[in-house]
Amino acid sequence: MTTAPHFTVADSAEDPDADIWFAEPAGFTAVPLDAMLPEPGSQAADDLRTALAPFLEAALDGMARERFIAQFTHGQRLLAALTEAGTVHCSIGLHRDDVDAGDASCGRPLLSFFTVSWRATAVSPRAVTAARTVSGLDGQARVEFAELPCGPVTFSEAVHTPGAVSGIPQMPLVQFRAHLPHPDCRQLAVFTLSTTAVGRREQYRVILRRIAALASFDNPLRPAALGRGDGG
């Protein structure tokens, strides 16, 4: 018996200014960028303070509250940096490692981070733009070109290790990217999936490719209400 896939349509799919629609698999939770980065003095800023109040009240002491505020502020800075770089959507993935039933690590939580960003490009055919995005990558990066329903797409994959002076834990990080040129030939959508679970790169590679395969630059809800659309 084949079970029909279940889709949930996000509110952003109905945004009249949306330029792209895509579907995320189960296990991903969107980070509300607008709510996390409100304008000072706005209603959204008041709402954020109200939402954070229970966490601050639950802190054991003043030092714990200060640590929470510092960590939250650091997270806001990271999100602000992403939005300044053109990121319009991000989500956190949490999945259980169930690949090897006999492995001691089976069942551990696996974290990932998915973003959608826009980049301006020189006007050129979409296939040329897609190829250009990966032309300067390191020779060890894995690169592939594909024709998907949304058009030509290039995939790239590389493992990075943060430097000791970065302040970030020196754990290998694998990043998968899908580069999707827009039909207007003036901009490019970049899907990025990052995780420290390097040993599960094959599974994460499949996840990003499925997301890219379902992406559309035309509203899929217009002719028929099918699919989980996240406008960006």
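It should be emphasised that the depicted structure is a prediction, and the values quoted were computed from it without experimental measurement.
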Please determine whether the number of non-hydrogen atoms from other residues, nucleotides or ligands lying under 6.0 Å from atom CD of E147 exceeds 12. yes
What distance separates S194 OG from H160 NE2, expressed to the nearest 0.5 Å? 8.0 Å
With sequence neighbours excluded, what pairs up with T121 under the side chain to side chain donor-acceptor pair (under 3.5 Å) test? none
Find the distance between CD (Q43) and OG1 (T50) and round it off to the nearest 0.5 Å. 8.0 Å
Salt bridge (charged side-chain N to carboxylate O under 4.0 Å, His left out) involving E144 - partner list, sequence neighbours excluded: R209
Are any side-chain N or O atoms of H95 and backbone N or O atoms of A26, one a donor and one an acceptor, separated by less than 3.5 Å? yes
Which value, rounded to the nearest 0.5 Å, describes the distance between F22 atom CZ and F217 atom CZ? 11.5 Å
Is there a path of hydrophobic side-chain contacts, each under 4.5 Å between heavy atoms, that joins V116 and L79? no
Which residues share a side chain to side chain donor-acceptor pair (under 3.5 Å) with S156, sequence neighbours left out: H179
At their closest point, which heavy atom of L37 faces which heavy atom of Q76, and how far apart are they? CD2-O, 3.5 Å
Following the transitive rule for hydrophobic clusters with a side-chain heavy-atom cut-off under 4.5 Å over Ile, Leu, Val, Met, Phe, Trp and Tyr, establish whether I92 and F55 coincide in one cluster. yes
Can you list the residues that meet the ring-ring contact (aromatic ring centres under 6.0 Å, His included) rule with F176, with sequence neighbours excluded? none
Only pairs under 3.5 Å count here: list side-chain donor-acceptor contacts from residues 181-189, not counting sequence neighbours, and write none if there are none.
residue: H182; atom: ND1; partner: D184; partner atom: N; Å: 3.0
residue: H182; atom: ND1; partner: D184; partner atom: OD1; Å: 3.2
residue: D184; atom: OD1; partner: R186; partner atom: N; Å: 2.8
residue: D184; atom: OD1; partner: Q187; partner atom: N; Å: 3.4
residue: D184; atom: OD2; partner: Q187; partner atom: NE2; Å: 3.0

Given side chains that start at C-beta, do those of T192 and F113 come closer than 4.5 Å, heavy atoms only? no
Less than 4.5 Å apart, any side-chain heavy atom of R201 and any of V159? yes
Rounded distance (nearest 0.5 Å) linking atom CZ of F155 with atom OG1 of T133: 11.0 Å
Distance, nearest 0.5 Å, that separates CG of L78 from CE of M36: 10.0 Å
Restricting to non-hydrogen atoms, name the atom on S91 and the atom on A30 that form the minimum distance, rounded to 0.1 Å. CB-CA, 3.6 Å
Which heavy-atom pair separates P38 from A45 by the least distance, and what is that distance? CB-N, 3.5 Å
By salt bridge (charged side-chain N to carboxylate O under 4.0 Å, His left out) - contacts of D47 (at least two apart): none
Quick check: closest heavy atoms across Y204 and L193, and the distance to 0.1 Å? O-CD2, 3.5 Å
Shortest non-hydrogen separation from W21 to D19 and the atoms involved: CZ3-C, 3.9 Å
Under a 3.5 Å distance rule, please check whether E157 uses its side chain to pair with a backbone N or O of V174 as donor and acceptor. no
Connected-component partners of V206 among ILVMFWY, side-chain separation under 4.5 Å: none
Less than 4.5 Å apart, side chain to side chain, heavy atoms only: is that true for V153 and F191? no
T154 side chain to A130 backbone, donor-acceptor under 3.5 Å: yes
With T195, which residues qualify under side chain to side chain donor-acceptor pair (under 3.5 Å), at least two apart? none
Shared hydrophobic cluster for L82 and V88 (ILVMFWY, side-chain gaps under 4.5 Å): no
Once you round to the nearest 0.5 Å, how far does OG of S216 lie from CG of L180? 10.5 Å
Is any side-chain heavy atom of H89 closer than 4.5 Å to one of E24? yes
Are I211 and L94 connected into the same hydrophobic cluster when the rule is that any two of I, L, V, M, F, W, Y join if their side-chain heavy atoms are below 4.5 Å apart? no
I'd like to check the side chain to side chain donor-acceptor pair (under 3.5 Å) partners of S112; sequence neighbours left out, ordered by chain and number. none
Only pairs under 3.5 Å count here: list side-chain donor-acceptor contacts from residues 59-71, not counting sequence neighbours, and write none if there are none.
residue: D61; atom: OD1; partner: M63; partner atom: N; Å: 3.1
residue: D61; atom: OD1; partner: A64; partner atom: N; Å: 2.8

Got a sec, which residues hit side chain to side chain contact (heavy atoms under 4.5 Å, CB included) with V128, two or more places apart in sequence or on another chain? S124, P125, R132
Are side-chain heavy atoms of F72 and L56 found at a separation under 4.5 Å? no
Under 4.5 Å between side-chain heavy atoms, counting indirect links through other Ile/Leu/Val/Met/Phe/Trp/Tyr residues: same cluster for I20 and L148 or not? yes
Scanning both residues in full, the closest heavy-atom pair of A23 with L214 reads CB-CD1, 3.8 Å
Counterpart residues, salt bridge (charged side-chain N to carboxylate O under 4.0 Å, His left out), relative to R119 (two or more places apart): none
